[in-house]
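Below is one structure, written out as structure tokens; the observations come after it.
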Amino acid sequence: MKNILSGVFIVLMGLCFGNAHGFTEQSSVFFTTQAKDAVKIKEAFNEKDTTKVENLKDRLKPIQANFKRINSITKWTSVEKRSIEGESAEGGEAVFYYTNKNLEKVIARHYGEMGQVLIEYYLLNGQLSFVLEKEYKYNRPLFYDNKAMKENNDTEAFDFNKSEIITTRNYFENGNIIMINNTTGRGFNISADYLSEQEKNLTESFKKLLKLAE
């Protein structure tokens, strides 16, 4: 793997690019829970991180082992859900996963008409260890069915399977980010300033989520 992303697209989803394909103006659409569930990005489950960077190999091992351990848990002591308001056009939700009284993982979902973002935060010894971000950019708006396609003389309707997917993996050691790996493959040699900025953004976002659980 040659590259690490120099820009992470955590789109907390105003996502209003409906006219990019020449779509007609539409009033705001508020999706039902059933509609959101139908296109919900799947969380990591029983997944192994295979990122290999030779000079960081030993430092990545405990992060990767912890990620595998947590995302393989099938029985949680408790799971708590909270709504996320005001950060995206169609709302969002946060889910907190506990074993005994220990918070192990937090996920945040942000929905929009043109896409959605899933961010998974994994903890090790009470600190951020790994943050997995998955951004889906839809080919057309979620409400854009075959009827809308024909009315707009278009060639495509909404198809979740045609989404552009960007996956970003953020690795933390003792609460500090040490590496970012992104599927767009834009440059391993990112600046220390960018690492610092990404660390700050993720840490602040995580702290906001924790306040929802209080």
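Owing to the predicted nature of the structure, the values given are computational and were not obtained by experimental measurement. For the numbers below, each heavy atom of this structure counts, side chains included, while hydrogens, waters and symmetry mates do not.
- Each of Ile119, Ile166, Leu118 was evaluated against Glu133; a single residue qualifies, Ile119, per the side chain to side chain contact (heavy atoms under 4.5 Å, CB included) test.
- With hydrogens and angles left out, the side-chain atoms of Tyr121 and Ser129 include no donor and acceptor closer than 3.5 Å.
- Using modelled atom types and a 3.5 Å distance limit, the side chains of Tyr138 and Gln116 yield a donor-acceptor pair.
- A side-chain donor-acceptor contact under 3.5 Å links Asp154 and Tyr144.
- For Glu199, there are no salt bridge (Lys or Arg N to Asp or Glu O under 4.0 Å) partners, not counting sequence neighbours.
- Other residues, nucleotides and ligands place no more than 12 heavy atoms under 6.0 Å from the CG atom of Asn125.
- For the pair Glu93 and Lys40, the salt-bridge criterion is met [side-chain N within less than 4.0 Å of a carboxylate O].
- Within the 3.5 Å criterion, the main-chain N or O of Phe130 finds no donor-acceptor partner in the side chain of Asn170.
- Taking every heavy atom of both residues into account, Ser83 and Leu212 meet most closely at O-CD1, 4.0 Å.
- Considering Glu104, Lys105, Lys75 as possible partners of Thr99, the one that fulfils the side-chain hydrogen bond (donor to acceptor under 3.5 Å, both in side chains) test is Glu104.
- By the 30° and 60° cut-offs, the orientation of the rings of Phe67 relative to Tyr122 is perpendicular.
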Inset, instruction - Could you give me the CA-CA distance, side-chain angles and deciding distance for Ile165 and Glu135, then say whether side-chain contact (heavy atoms from CB on, under 4.5 Å) is met? - result: CA-CA 6 Å; Ile165 305 169; Glu135 179 190 358; over 6 Å; no
Legend entry - Criterion side-chain contact (heavy atoms from CB on, under 4.5 Å) on Phe206 and Val131, from CA distance to verdict: CA-CA 10 Å; Phe206 184 62; Val131 180; over 6 Å; no
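- Looking at Arg169 and Glu47, a side-chain N of the basic residue comes within less than 4.0 Å of a carboxylate O on the acidic one, giving a salt bridge.
- Of the possible donor and acceptor atoms, none in the side chain of Asp145 sits under 3.5 Å from a partner among the backbone N and O of Phe158.
- Taking the six-membered ring for Trp and thresholds of 30 and 60 degrees, Tyr136 and Phe160 have nearly parallel ring planes, at less than 30 degrees apart.
- Side-chain N/O atoms of Lys68 and Ser72 include a donor and acceptor closer than 3.5 Å.
- Counted by atom type alone, Asn139 and Glu156 present one or more donor-acceptor pairs between their side chains at under 3.5 Å.
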Got a list of side-chain donor-acceptor pairs under 3.5 Å for residues 53-62, not counting sequence neighbours?
residue	atom	partner	partner atom	Å
Glu54	OE2	Lys57	NZ	3.2
Arg59	NE	Glu173	OE1	3.1
Arg59	NE	Glu173	OE2	3.2
Arg59	NH2	Glu173	OE1	2.6

